[in-house]
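Worksheet: one structure, shown below.
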Amino acid sequence: MMQQIREVSPSPRARMTGALYLLYFLTAILGLLLVSRGFAVSGNVTNVISTVCYLVVTLLFYGLFKPVSGRLSLLTALFSLGGCIVMSLGLVHFDSPVSPLLFFGPFCLLIGYLIFRSGFLPRILGVAMAFAGLGWLAFLLPAVPNYLSIAIKVIGFLAELSLCLWLLVMGVNIQRWRQQASPAKTSIPTGEPLSATKG
């Protein structure tokens, strides 16, 4: 599967990531609604689908950001994998002493850093994801005020949704991605447009 992901060109891969990211959001929201309305089995099945979507998104992110930093991209994927495992334990009613936010907070922080460093995605998305990561980690602090809790959820949701929609609609700047992927990592010529390439 990793070989197939590496063989996909960057722009379709970015849009595939955005589409699966959006599917994750939709299934996660649907799962919460179903469970809250008493449809526990249907809700849990939907939540399993959302977790699988997030796992695939994690693999796609790894391939997308590997040219920026292979080690950091792998570390980011491992944090996301850890969070997905903890979430999966909750679906089978196993109470884990570890919060998934302990993994998803660093995941968002590292994704934000990779975006900021990449040059093939807008840096504002990286800043937003970094703030989201800090927010998720803040949830681990005792006695977070209710107003702050709501603000953190809104910031985290908007940051991840913004990244999702950008990938889905705009993709990445292919030339900059390829220059990152090149062993030489040549500099971008003066006057080269920096806008995201639409495939």
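Keep in mind the model is a prediction, meaning the values are calculated, not measured.
- Cluster annotation: L167 and V169 are assigned to the same hydrophobic cluster (Ile/Leu/Val/Met/Phe/Trp/Tyr, side-chain heavy-atom contacts under 4.5 Å, transitive).
- From T17, atom OG1 reaches atom CZ of F65 across 8.5 Å, with rounding to the nearest 0.5 Å.
- Scanning both residues, F116 and R123, for their nearest heavy atoms gives O-NE, 3.1 Å.
- A single hydrophobic cluster is seen to contain both F104 and F25, as judged by linkage of ILVMFWY side chains at heavy-atom distances under 4.5 Å, directly or through other members.
- Closest heavy-atom contact between Y62 and A77: CB-CB, 4.3 Å.
- In the hydrophobic cluster analysis, where Ile, Leu, Val, Met, Phe, Trp and Tyr join through side-chain heavy atoms closer than 4.5 angstrom, L34 is grouped apart from Y54.
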key: Worked verdict on R176 versus Q180 for side chain to side chain contact (heavy atoms under 4.5 Å, CB included)   = CA-CA 6 Å; R176 280 180 171 261; Q180 288 276 3; 5.7 Å; no

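- Taking all atoms of both residues into account, the shortest heavy-atom contact from L114 to S69 is CD2-CB, 4.2 Å.
- In this structure, P100 and M87 approach most closely via the heavy-atom pair CB-CG, 4.0 Å.
- In this structure, L125 CG and L165 CG are separated by 10.0 Å, a value rounded to the nearest 0.5 Å.
- Scanning both residues, L168 and R15, for their nearest heavy atoms gives O-CG, 3.5 Å.
- One hydrophobic cluster, built from ILVMFWY side chains closer than 4.5 Å, cannot hold both V45 and V56; they sit in different ones.
- Other residues, nucleotides and ligands contribute over 12 non-hydrogen atoms within 6.0 Å of the CZ atom of F139.
- The closest side-chain heavy-atom distance from S149 to K153 is below 4.5 Å.
- Both L161 and L23 are members of a single hydrophobic cluster when ILVMFWY side chains are connected at heavy-atom separations under 4.5 Å.
- Interatomic distance, C108 SG to E160 CD, rounded to the nearest 0.5 Å: 4.5 Å.
- Within the 3.5 Å criterion, the main-chain N or O of G70 finds no donor-acceptor partner in the side chain of S73.
- Here the straight-line distance linking atom OG1 of T46 with atom CD1 of I29 works out to 12.5 Å at 0.5 Å rounding.
- Two rings, from Y21 and F61, have their centers less than 6.0 Å apart.
- Scanning all heavy atoms of the two residues, the minimum distance from L110 to T76 falls at CB-OG1, 3.2 Å.
- The side-chain heavy atoms of V86 and L102, taken from C-beta on, include no pair separated by under 4.5 Å.
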task = Decide yes or no on side chain to side chain contact (heavy atoms under 4.5 Å, CB included) for W177 and N173, but give the supporting numbers first.
result = CA-CA 6 Å; W177 187 91; N173 187 308; over 6 Å; no

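- Taken to the nearest 0.5 Å, the CG atom of L55 stands 6.5 Å off from the CG atom of L81.
- Atom OH of Y113 has 12 or fewer heavy atoms from other residues, nucleotides or ligands within 6.0 Å.
- Expressed to the nearest 0.5 Å, how far CG of L20 lies from SG of C53 amounts to 6.0 Å.
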